[in-house]
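Okay, structure first, notes after.
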Protein chains: 2
Amino acid sequence: MIERTHLSIIREVDRLGTLTEAANALFLTQSALSHAIKKLEGQLGIKVWSKEGRNLRLTQAGEHILSLANRTLPQLEHTEHIIAQIAKGKRGSLRIGMECHPCYQWLLTVVSPYLEQWPDVDLDVKQRFQFGGLGALFSHDIDALVTPDPLFKKGLTYLPVFDYELVLVTHKDHPLANKSFIKPQDLSNETLITYPVETERLDIFSKFLALEQCSPHKHKVIETTDIMLQMVASKRGVSALPAWLVKEYSKALPIKGIKLGKHGIDKQIFIGLRETDIEIEYIQSFIDIASKLSVTK
Amino acid sequence: MIERTHLSIIREVDRLGTLTEAANALFLTQSALSHAIKKLEGQLGIKVWSKEGRNLRLTQAGEHILSLANRTLPQLEHTEHIIAQIAKGKRGSLRIGMECHPCYQWLLTVVSPYLEQWPDVDLDVKQRFQFGGLGALFSHDIDALVTPDPLFKKGLTYLPVFDYELVLVTHKDHPLANKSFIKPQDLSNETLITYPVETERLDIFSKFLALEQCSPHKHKVIETTDIMLQMVASKRGVSALPAWLVKEYSKALPIKGIKLGKHGIDKQIFIGLRETDIEIEYIQSFIDIASKLSVTK
DNA sequence: ACGATTCTATGAATTAAAATCATAAGTAAG
DNA sequence: CTTACTTATGATTTTAATTCATAGAATCGT
């Protein structure tokens with residue numbers, strides 16, 4: 001069996017020319033290398049070197065092993081280097097799952113300072129899950145789940161990172177835009193634009209319209225926040241989004257956010273983690289950065 | 001240090017699911033594998049697996065090592081397989097150097113039955129050498145040298161494989177074509193076509209014209225035998241080639257071979273080898289096939 | 001619910017392998 | 001032809017790997 005030591009020996013002898021020097025480089029004795037290769041030769045039934053004067057010349061078989069060494073040893077060393085970084089907590093992969101569409105805008109603001117601080121963390125964001133965000137966490141498809149519904153289960157922890165108010169967005173000249181707050185009935189003649197998700201998971205339905213068994217005149221779905229707000233700005237309908245997001249976009253678009261119900265709809269966003277991961281440094285750091293950035297909003 | 005055994009263990013556990021089964025597959029005890037990985041984990045400062053119920057799940061570091069295993073182990077196994085063939089004498093590389101231009105035609109007839117018998121031998125033919133054919137043999141750039149000049153040196157052996165007569169080739173209607181043999185003076189008004197080699201190494205000069213201090217009217221060089229004979233066939237000149245080669249081509253071209261001098265010029269071709277290689281089976285076989293095929297000519 | 005089963009983990013004892021030491025034997029250079 | 005430098009090798013010591021014998025933890029079946 002060709003072992004790593006054999007590869008190292010053959011590579012070093014090729015590099016330095018003699019067994020003796022290779023032995024020094026490997027912090028072993030010349031005798032050790034000689035014995036090691038002798039044994040390998042016995043096992044494989046070939047000679048690795050032939051002696052030429054007092055030099056060693058690789059045989060064909062030896063050349064094959066050298067080529068193997070040059071291909072293989074760098075790979076071994078590379079993974080060892082990566083693992084050393086993992087051990088120091090400086091490297092890892094952080095795959096974030098999103099169960100909350102508008103949170104994507106928020107996530108973007110968290111990501112860039114995070115990447116700067118943790119250059120060796122592979123960051124990935126996923127938005128579709130075969131067995132839901134929870135299943136994805138359990139099956140290690142993702143490492144963190146951004147969600148408004150902290151479904152507590154054994155082995156998982158949730159940490160609140162972000163509070164916001166859900167408001168109705170309309171064109172600033174829309175008849176509803178002057179009201180101090182919206183009632184469910186007010187939407188009966190409106191076109192409501194939402195993300196393409198089941199209505200049970202849309203707060204505007206489950207926490208607002210359903211209270212009075214109302215429904216909008218029409219329901220349109222749109223994938224992206226940008227286009228959604230463009231539609232609102234051109235009076236094609238109204239939508240429900242986080243207040244801070246509406247505030248942000250209202251600098252550029254003629255839109256306005258209005259409270260939903262007398263007391264408004266307050267939402268809280270959580271990050272869910274596997275309990276085994278909470279002590280990982282680069283994951284804790286992500287939670288820290290996420291919480292700090294969100295307080296200032 | 002990640003050793004081959006660690007890679008094997010991690011690969012087998014991934015394939016079979018449990019340490020116990022992996023241990024059976026590797027003809028070791030479950031305890032051995034557990035201890036081995038434990039030690040590795042200590043050295044690298046990471047966990048390879050985390051226990052999930054009574055199953056093991058690879059950590060990020062573990063995934064890195066598994067990926068390494070899947071890339072590296074097949075390469076190790078592949079070279080071991082090749083070396084096993086080398087050990088059985090069934091595989092090797094045979095790089096043949098040619099110091100004799102027309103011999104290339106002869107070599108082609110040897111090569112095809114040889115390749116059939118030794119499918120795992122890498123055959124290569126070289127015709128240019130930085131320090132001559134001899135130097136190429138010594139520096140292991142080639143393994144066999146086809147040459148008409150057996151320059152005996154310590155560490156080398158030569159074996160005769162092929163006898164032929166060097167003849168003058170002319171168009172069949174050429175004035176010289178009716179002579180029973182050619183004298184050096186006969187070429188004084190002819191255009192002589194040869195391979196592009198130093199004249200000292202051309203037998204037509206060193207072993208024929210030089211005897212009477214003659215030289216041809218003109219001297220042209222051409223790389224390939226085919227074109228050379230096309231030229232002769234279109235009366236652009238005469239050349240000197242092996243009789244068997246002329247005989248072969250005269251089926252298709254209007255050419256004729258004539259004896260050079262009263263007694264003709266007889267040549268012998270040798271294959272030179274390093275003495276250390278003469279017992280290698282696939283090299284002996286090459287000599288055998290070469291000799292046998294040449295006797296029938 | 002609980003015993004049987006099927007895993008992994010671990011400490012101590014055993015076995016095997018690797019490294020060293022001391023030295024021989026071969027080659028090259030002055 | 002002696003000196004310096006190389007690899008090879010047998011005996012000994014040191015180190016590492018493997019096993020054995022159990023314990024502990026999770027799952028399955030009744």
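Here is how names work: the chains are called A, B, and so on, in the same order as the sequence lines, proteins then strands, and each is numbered from 1.
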Does [X] have a side-chain nitrogen or oxygen under 4.0 Å from the phosphate oxygens OP1 or OP2 of [N]?
{"X": "A:K38", "N": "D:dT9", "answer": "yes"}
{"X": "A:T20", "N": "D:dT7", "answer": "yes"}
{"X": "A:K39", "N": "C:dA18", "answer": "yes"}
{"X": "B:T29", "N": "D:dT18", "answer": "no"}

Protein-nucleotide distance ([X], atom [atom1]; [N], atom [atom2]), rounded to Å:
{"X": "A:K51", "N": "C:dA28", "atom1": "NZ", "atom2": "C1'", "result": "13 Å"}
{"X": "B:Q43", "N": "D:dA16", "atom1": "CD", "atom2": "P", "result": "9 Å"}
{"X": "A:Q30", "N": "C:dA18", "atom1": "CD", "atom2": "C1'", "result": "15 Å"}
{"X": "B:L28", "N": "D:dC20", "atom1": "CG", "atom2": "P", "result": "11 Å"}
{"X": "A:L56", "N": "D:dA8", "atom1": "CG", "atom2": "P", "result": "6 Å"}
{"X": "A:I37", "N": "C:dA18", "atom1": "CD1", "atom2": "C1'", "result": "13 Å"}
{"X": "A:M1", "N": "C:dA18", "atom1": "CE", "atom2": "C1'", "result": "17 Å"}
{"X": "B:L40", "N": "D:dA17", "atom1": "CG", "atom2": "C1'", "result": "14 Å"}

Test item: A:T79 side-chain N/O and A:L76 main-chain N/O as donor-acceptor pair under 3.5 Å: yes
Options D:dT7, C:dA22, C:dG11, nucleotide nearest the side-chain atoms of B:H35: C:dG11
Closest listed nucleotide, where the reference is the side chain of B:L19 and the choices are D:dG10, D:dT7, C:dT8: C:dT8
Base C:dC7 to side chain B:T18, donor-acceptor N/O within 3.5 Å cut-off: no
Donor-acceptor pair under 3.5 Å, B:R54 side chain vs C:dT6 base: yes
Heavy atoms of other groups near A:F152 CZ, more than 12 under 6.0 Å: yes
A:K267 and A:D203 ion-paired at < 4.0 Å: yes
Mutual orientation of the aromatic rings belonging to B:Y158 and B:F270 [parallel < 30°, tilted 30-60°, perpendicular > 60°]: perpendicular
Geometric class of the B:Y114/B:F286 ring pair [parallel <30°, tilted 30-60°, perpendicular >60°]: perpendicular
Touch class at under 4.0 angstrom, heavy-atom based, for A:S34 against every strand present: base
Residue whose closest nucleotide on DNA chain C lies nearer the 5' end, B:G17 versus A:L33: B:G17
